[in-house]
Amino acid sequence: MKILVTGGAGFIGCNFVHYMLEKHPEDEIVNLDLLTYAGNLESLADVADAKNYHFVKGDIADMEFIDSLFSKEHFDVVVNFAAETHVDRSITDPGVFVRTNVMGTQALLDASRKYGVVRYHQVSTDEVYGDLPLERKDLFFTEETPLHTSSPYSASKAGSDLLVLSYFRTFGLPVTISRCSNNYGAYQFPEKMIPLMFTRAFNDETLPVYGTGENVRDWLHVKDHCAAIDLILRKGREGEVYNIGGHNEKTNLEVIHLILKELNKPESLIRFVEDRKGHDLRYAIDPAKIERELGWKPEYTFETGIRQTIAWYMEHRDWWQHILSGDYQNYFKKMYKI
Ligand code: NAD
Ligand code: TYD
């Protein structure tokens, strides 16, 4: 199979490229990425010369470019990871989220239809369901939960999901969608909570906790997410949505305390700062459908996965220090008043 992976230089995309090259050496991967602030080819340096892999720089929302790429490459499968992904950035600049996440998806759908791909897979998020109350531990997101978004990020992801489903119903395009909970693991950009707290604690800097720190996220190791997408590509039913999650709910403070403990740093680094606007309270996935239909189960427990992830960040300081030394400092100063 020839697979187009978009956003393959980002966190989950680069883990997916690594996963697929190892698991399916018979497949060919083309990685299309615009290399925004979040894209980093250093994450793929070890596979850059692989025979069955190549990188193309480009914008998924550039329709002409996408059309000519598809006409040249004849992809069998498209997996769309490319997106603007940080909720805080979507609050300060929503426009680019609509452009990339909605219009970019449309350009890929049109080309997939025109050039006859056998599967278009949209990588989506549980954030399209909005949030659950903190006190109702019995409630979970199923695939039937209504879309009810909170941030411009999640609204743009919900918009693209609806477009994907419309191309199935209207044009018969063979699509699937996965909606995963929060991922953690190697190569995550240090604006997201876990690597942000790790890198700052490592440098003895204060840790900005939004609101009370009691918001709950449902954490899944990135490799379990990659395995689930691979399974959906091969066995998932066309036109279907699959939720992905491992029943791993933690409050933000629980995760931050664990990071501090692993690094042997004091809790006095914690600073409670102004809450995020529209901050979702709790995410929790019911993964019964993917478990039942496709036999997927996560391999990592949070306890093992988070320790391995912390060890990875310890061993790969060059990777994140490189990022911290660039534009990131300006971003942090603009976003946080600490
Ligand atoms: P990321 O921000 O780390 O990476 C996004 C990648 O997309 C970057 O390499 C960036 O350069 C590229 N990109 C951005 N705009 C582009 C454009 N116009 N054209 C081509 N490439 C472009 O994101 P991530 O955390 O790896 O998330 C990947 C996907 O998974 C997203 O669609 C996101 O919504 C979804 N998702 C993420 C999580 C999570 O916890 N990170 C959870 C569930 C779903
Ligand atoms: P984040 O990694 O941005 O993922 P998402 O908002 O998509 O779930 O944030 C995870 C949680 O951590 C979320 O509840 C917001 C919180 N958070 C902080 O408390 N401080 C921070 O500096 C950041 C980036 C996030």
Side-chain angles (χ1 to χ4, degrees), residues 5-16 31-41 43-44 56-62 65-66 79-91 96-97 99-101 103-105 107-108 122-128 131 150-151 153-154 156-157 160-161 177-185 187-197 200 206-220 222 225-226 229 243-245 250-253 255-256 270-276 278-283 285 332 335-336 338:
V5 174
T6 70
F11 164 45
I12 308 175
C14 79
N15 276 285
F16 186 73
N31 172 12
L32 165 66
D33 198 295
L34 186 58
L35 299 182
T36 68
Y37 78 92
N40 187 350
L41 287 180
S43 310
L44 292 160
V56 178
K57 184 169 189 277
D59 182 353
I60 60 163
D62 180 343
F65 162 76
I66 290 295
V79 186
N80 182 24
F81 290 91
E84 287 293 333
T85 62
H86 192 37
V87 172
D88 293 332
R89 288 184 192 253
S90 83
I91 295 167
V96 66
F97 283 72
R99 184 180 183 280
T100 291
N101 300 1
M103 294 169 72
T105 295
L108 292 172
Q122 178 77 358
V123 181
S124 187
T125 163
D126 61 354
E127 299 194 30
V128 299
D131 62 355
S150 311
S151 68
Y153 163 63
S154 55
S156 66
K157 292 297 289 185
S160 47
D161 281 14
I177 296 179
S178 52
R179 294 183 180 144
C180 190
S181 61
N182 285 63
N183 282 210
Y184 69 93
Y187 301 110
Q188 188 169 28
F189 193 86
E191 67 185 348
K192 302 282 166 54
M193 203 264 277
I194 289 180
L196 180 105
M197 299 302 170
R200 289 188 63 83
T206 54
L207 311 183
V209 178
Y210 297 156
T212 60
E214 292 304 324
N215 301 59
V216 170
R217 295 295 182 264
D218 185 359
W219 294 98
L220 186 77
V222 65
H225 186 186
C226 294
I229 293 172
N243 282 354
I244 309 171
K250 306 273 176 215
T251 67
N252 293 338
L253 276 180
V255 176
I256 291 164
I270 291 175
R271 291 286 181 283
F272 291 96
V273 299
E274 190 186 333
D275 208 356
R276 171 186 279 173
H279 196 173
D280 280 335
L281 293 171
R282 170 174 169 254
Y283 300 146
I285 281 271
F332 197 88
M335 286 287 191
Y336 298 86
I338 58 172

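Both ligands and their constituent atoms are indexed starting at 1 by order of listing.
- Not a single N or O atom of Leu196, backbone or side chain, sits closer than 3.5 Å to an N or O atom of ligand 2.
- Applying the 4.0 Å criterion to heavy atoms of Leu35 picks out, from ligand 1, the atoms 11 (O).
- Close approach of ligand 2 to Glu127 (heavy-atom distance below 4.0 Å) involves ligand atoms 5 (P), 7 (O), 8 (O).
- Residue-level proximity to ligand 1 for Asn183 is carried by backbone and side chain together, each with a heavy atom below 4.0 angstrom.
- Remark: ligand 2 atoms within the under-4.0 Å shell around heavy atoms of His279 are 13 (C), 14 (O), 15 (C).
- Electrostatic pairing of Arg89 and Glu191 counts as a salt bridge here, judged by a charged N lying under 4.0 Å from a carboxylate O.
- Screening Asp131, Asn252, Thr251 against Val216 for a side chain to side chain contact (heavy atoms under 4.5 Å, CB included) leaves a single residue, Thr251.
- At a heavy-atom cutoff of 4.0 Å, ligand 2 is contacted by the side chain of Met197 but not by its backbone.
- Taken to the nearest 0.5 Å, the SG atom of Cys226 stands 6.0 Å off from the CZ atom of Phe81.
- When all heavy atoms are compared, the tightest approach of Arg200 to Thr206 is NE-O, 2.6 Å.
- Among the atoms of Tyr283, none of the N or O lies under 3.5 angstrom from an N or O of ligand 2.
- Between Asn252 and ligand 2, at least one pair of N/O atoms sits closer than 3.5 Å.
- Close contacts of ligand 2 with Val87, meaning ligand atoms under 4.0 Å from a residue heavy atom, involve 6 (O), 7 (O).
- Of the protein's heavy atoms, Lys157 NZ, 2.7 Å lies nearest to atom 32 (O) of ligand 1.
- Relative to the six-membered ring of Tyr210, Arg276 misses at least one condition, a distance below 6.0 Å or an angle of at most 45° to the axis.
- Any N or O atom pair closer than 3.5 Å counts here, and Asp88 shares no such pair with ligand 2.
- The residue Tyr153 has no part lying near ligand 2, judged by heavy-atom distances below 4.0 Å.
- For a threshold of 3.5 Å applied to N or O pairs, the pair formed by Ile60 and ligand 1 contains at least one separation below that value.
- The shortest N or O to N or O distance between Arg276 and ligand 2 is under 3.5 Å.
- Closest protein heavy atom to atom 25 (C) of ligand 2: Tyr210 CE1, 3.6 Å.
- For ligand 1 and Phe81, the ligand atoms under 4.0 Å from any heavy atom of the residue are 28 (C), 29 (C), 31 (C), 32 (O).
- By the 3.5 Å distance cut-off applied to N or O atoms, Met193 is counted among the residues near ligand 2.
- Proximity of Arg99 to ligand 1, defined as any heavy-atom pair under 4.0 Å, is not found for any part of the residue.
- Residue Tyr37 has no N or O atom closer than 3.5 Å to an N or O atom of ligand 1.
- Within the set Val128, Val222, Thr100, the minimum heavy-atom distance to atom 15 (N) of ligand 1 is found for Thr100.
- Here Tyr336 pairs with Phe332 under the ring pair (Phe, Tyr, Trp, His ring centres under 6.0 Å) rule; sequence neighbours left out.
- Phe65 pairs by the ring pair (Phe, Tyr, Trp, His ring centres under 6.0 Å) definition with nothing, not counting sequence neighbours.
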